[in-house]
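Computed over heavy atoms, backbone and side chain alike; hydrogens, waters and symmetry mates excluded. Here is how names work: the chains are called A, B, and so on, in the same order as the sequence lines, proteins then strands, and each is numbered from 1.
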Amino acid sequence: MSKVRVRFAPSPTGSLHIGGARTALFNWLFARHNQGTFVLRIDDTDTERSTELSYQEILSAMRWLGLDWDEGPQKDGAYGPYLQSQRLDLYRQAIDQLLADGKAYLCYCTAEELAERRKQAQAEGRPPMYDRRCRYLTRAEQERLQAEGRQPVVRLAIPDGVTTVHDLIRGDVTFDNSTIDDFILIKSNGMPTYNFATVIDDYTMAISHVIRAEEHLSNTPKQILVAQTLGYQLPAYAHVPMILAPDRSKLSKRHGATSVEEYRDAGYLPEAIINYLALLGWSPEGEEEIIPLEDIVADFSLARVAKTAAIYDTKKLTWINGHYLREADIDRITRLALPFLQAKGLLPDPLPEQDYSHLRAIIEAVRDRVKTLAEVADAASYFFTEITSYDEKGVRKHFTKPGVAELLEEARAALAALPDFNAQSTEEAYRKIAEQKGISTGQLFHPTRLAVSGRTMGPGLFEILELLGRETVLERLAKAIDWIKNNMATN
RNA sequence: GGCCCGUUGGUCAAGAGGUUAAGACACAAGCCUUUCACGCUUGUAACGGGGGUUCGAUUCCCCCACGGGUCACCA
């Protein structure tokens with residue numbers, strides 16, 4: 001096989017969403033698996049909607065996910081530039097050739113006229129296709145229309161016949177050319193349309209495989225027609241299944257988080273998103289679903305890409321994220337979790353250097369029971385702020401028993417008297433008290449947990465005590481004792 | 001509406017004429033445990049419908065239904 005070159009070509013008209021990221025990932029995986037080249041190209045021919053902000057967001061989301069490109073913006077290669085808006089002369093050359101050969105023609109119909117006719121056609125139940133009225137205009141007619149001040153577009157003259165897409169995932173798909181419009185190649189503002197520019201670019205960038213979402217399958221015959229008219233050799237095509245929202249409709253904003261940034265901000269790890277996305281539409285040969293990136297690269301093939309659209313469901317993503325959160329290097333997780341704590345006002349920004357190891361110990365204790373970085377911040381909150389309330393169910397269960405206040409007072413005194421205050425010493429003291437009083441350890445542990453954390457769940461109790469430190473523990477115990485006396489006494 | 005693609009448990013998904021139709025998430029139960037998680041064990045749950053072809057169809061063919069995509073001077 002000749003050199004594999006694939007590209008991901010987003011338009012900078014929004015953030016990188018989950019579907020786009022999956023398409024980018026499949027291209028990236030295919031390139032890496034085949035030691036090919038992954039090109040990032042920006043399809044910014046829509047001057048109305050393209051924005052610099054979106055462009056920056058896409059680049060940063062790609063980088064964050066680890067989808068590094070070999071050629072593209074800020075990474076020059078032999079086939080640049082990589083922004084379509086900078087390749088206008090290439091399209092111009094191609095269009096001149098097409099016009100000279102009579103394969104394309106000038107059309108003077110305005111957007112308004114077209115829209116009107118389309119509406120009309122639909123109302124009458126006719127297919128809303130362009131009627132080709134400008135295809136056979138004489139020179140004189142063109143000049144007259146031009147004199148009216150109309151800015152022409154350029155359309156491709158679709159030949160009769162049939163066009164077949166050889167799709168690597170779906171097999172041969174044939175379209176009758178009569179169902180294809182004489183579509184626009186160059187807009188009246190001089191910019192190329194997607195179906196034109198993409199063909200020129202894929203060819204001039206020597207793209208070997210066009211891997212993209214299924215929504216482009218019906219566009220493909222148009223692109224093949226352009227390529228054939230220009231005498232280009234065709235790339236191989238692979239249309240990967242769509243990703244749908246839980247209600248089976250196309251993913252959109254109203255379905256909640258759909259952009260990569262939103263997941264980043266919600267505390268998801270890039271490797272978890274990558275792992276999850278790889279499993280959406282592709283399946284490994286083995287049974288493991290948590291797969292290191294290197295293994296995904298090694299196993300990836302188009303042959304194992306599904307044909308069926310997949311519904312996007314965050315449950316599994318969250319589960320995968322929890323896994324990576326637990327496995328990842330603790331220093332990295334600490335670093336990543338810190339901003340979430342700071343955003344909640346729990347820690348100062350910047351964090352004083354000497355507080356770091358304490359923070360790391362807390363996150364280490366807490367990460368096992370949560371699934372996202374945002375949850376890490378929730379689960380760790382009481383280490384950094386006063387307890388303002390006690391879990392209601394916990395209160396009913398552990399604070400209502402007669403004698404709890406006294407029991408806690410006794411425990412508090414024992415803790416205060418300890419020569420060393422750490423997880424081991426506090427646990428020993430507690431077990432001794434329970435034994436002496438002939439009560440189960442739980443009867444002592446549970447109210448203590450509630451008193452110092454306000455919650456009924458969390459890390460091991462003595463881990464919490466050590467992390468909190470003697471002073472805080474004694475304070476909170478005293479406060480809880482008071483609280484119980486004040487609130488429970490009347491009952 | 002025309003054209004195109006698709007249809008295995010709630011979701012992801014394996015399967016390629018003969019299988020007890022994998023596995024994962026979620027859910028339920030149990031074990032572990034100071035709690036909650038993790039982990040482990042077990043369980044519930046699927047081939048859209050109808051015709052063919054065949055000794056035999058989830059698997060091949062046709063029709064229908066349903067879902068999705070596309071028919072832009074958006075990509």
Side-chain angles (χ1 to χ4, degrees), chain A residues 9-14 43-46 48-50 84 107 109-111 114-115 118 122 125-129 151 153-155 165 167 169-170 173-176 178-181 183-195 197-198 212-221 239 241-242 244 246 248-250 276 279-290 304 306-320 322-323 326 366-371 379 394 398 427 430-431 434 440-446 448-450 453 455-462:
Chain A
S11 68
T13 53
D43 284 6
D44 59 348
T45 54
D46 185 348
E48 298 285 301
R49 298 194 304 153
S50 294
Q84 287 189 326
C107 166
C109 300
T110 66
L114 258 11
R118 205 160 27 235
Q122 269 170 332
R126 287 181 289 115
M129 287 178 69
Q151 287 298 312
V153 300
V154 181
R155 289 180 183 270
V165 180
D167 190 275
I169 293 171
R170 275 152 231 283
V173 183
T174 299
F175 297 78
D176 196 304
S178 66
T179 64
I180 301 172
D181 240 355
F183 64 97
I184 293 173
L185 267 15
I186 301 287
K187 308 175 202 176
S188 55
N189 67 2
M191 294 297 275
T193 57
Y194 163 73
N195 282 127
T198 202
R212 75 219 321 187
E214 191 190 345
E215 57 185 315
H216 291 291
L217 184 54
S218 349
N219 280 146
T220 307
H239 288 91
M242 305 272 301
L244 270 22
R248 298 204 63 84
S249 69
K250 205 170 169 180
Y276 174 71
L279 260 20
L280 222 49
W282 172 80
S283 61
E285 285 190 50
E287 294 200 333
E288 283 304 310
E289 310 238 359
I290 300 280
R304 292 191 69 84
K307 296 181 176 66
T308 328
I311 291 175
Y312 178 69
D313 171 40
T314 55
K315 291 239 182 64
K316 194 163 182 172
L317 202 213
T318 303
W319 169 72
I320 292 176
H323 173 88
R326 262 173 271 126
V366 132
R367 82 204 293 201
D368 279 359
R369 23 193 69 75
V370 298
K371 299 225 164 33
H398 309 303
E427 178 161 7
Y430 258 51
R431 290 197 183 275
S440 72
T441 53
Q443 281 179 275
L444 179 56
F445 292 5
H446 296 319
T448 303
R449 172 189 297 282
L450 187 60
S453 73
R455 311 182 186 194
T456 57
M457 37 168 266
L461 175 60
F462 305 102

For atom NE2 of His239(A) and atom P of C5(B), their distance in whole Å: 12 Å
Same-atom distance (C1') from U20(B) to U58(B), integer angstrom: 15 Å
Using nucleotides 57-60 of chain B, report all nitrogen or oxygen pairs with the protein that are shorter than 3.5 Å.
none

Thr308(A) side chain, from C-beta outward: closest of U34(B), U7(B), A13(B): U7(B)
Annotated protein contacts, base or backbone, on nucleotides 62-75 of chain B with a non-hydrogen cut-off under 4.0 Å, one of B, S, - each: -----SSBS-SBBB
Flag for Gln84(A)-Asp44(A): side-chain donor and acceptor within less than 3.5 Å: no
Ring geometry between Phe445(A) and Tyr430(A) (parallel below 30°, tilted from 30 to 60°, perpendicular above 60°): tilted
Under 4.0 Å protein heavy-atom contact, by nucleotide of nucleotides 21-30 of chain B - B base, S sugar-phosphate only: -BBBSS----
Ile169(A) CD1 to C4(B) C1', straight-line distance once rounded to whole Å: 15 Å
N/O donor-acceptor pair, side chain Arg449(A) with base U34(B), under 3.5 angstrom: yes
Approximate separation, where rounding is to 0.5 Å, of Glu214(A) CD and Thr308(A) OG1: 9.0 Å
Distance in angstrom units between His446(A) NE2 and U33(B) C1', rounded: 10 Å
Separation of atom NZ in Lys307(A) from atom P in C5(B), rounded to whole Å: 12 Å
Sugar-phosphate, base or nothing in reach of Arg304(A), heavy atoms under 4.0 Å: sugar-phosphate
Parallel, tilted or perpendicular: rings of His216(A) and Tyr194(A) (30°, 60°): tilted
Under the side-chain contact (heavy atoms from CB on, under 4.5 Å) test, residues paired with Ala310(A) that sit two or more places apart: Leu280(A)
d(CZ, Arg326(A); C1', A37(B)) in whole Å: 8 Å
Stem regions touching RNA chain B, defined by at least 3 consecutive Watson-Crick or wobble G-U pairs below 3.5 angstrom: B:1-7 with B:65-71, B:10-12 with B:23-25, B:27-31 with B:39-43, B:48-52 with B:60-64
For atom CG of Asp176(A) and atom P of C5(B), their distance in whole Å: 13 Å
Over all atoms of both residues, closest heavy-atom pair of Leu114(A) and Cys109(A): CD1-CB, 3.6 Å
Touch class at under 4.0 angstrom, heavy-atom based, for Gly442(A) against every strand present: nothing
Counterpart residues, side-chain contact (heavy atoms from CB on, under 4.5 Å), relative to Lys307(A) (two or more places apart): Ile169(A), Arg170(A)
Sugar-phosphate, base or nothing in reach of Arg455(A), heavy atoms under 4.0 Å: nothing
Sugar-phosphate, base or nothing in reach of Leu461(A), heavy atoms under 4.0 Å: base
Touch class at under 4.0 angstrom, heavy-atom based, for Pro459(A) against every strand present: base
Phe175(A) side chain, from C-beta outward: closest of C4(B), U34(B), G6(B): C4(B)
Spacing between Ile311(A) atom CD1 and G6(B) atom C1', to the nearest angstrom: 13 Å
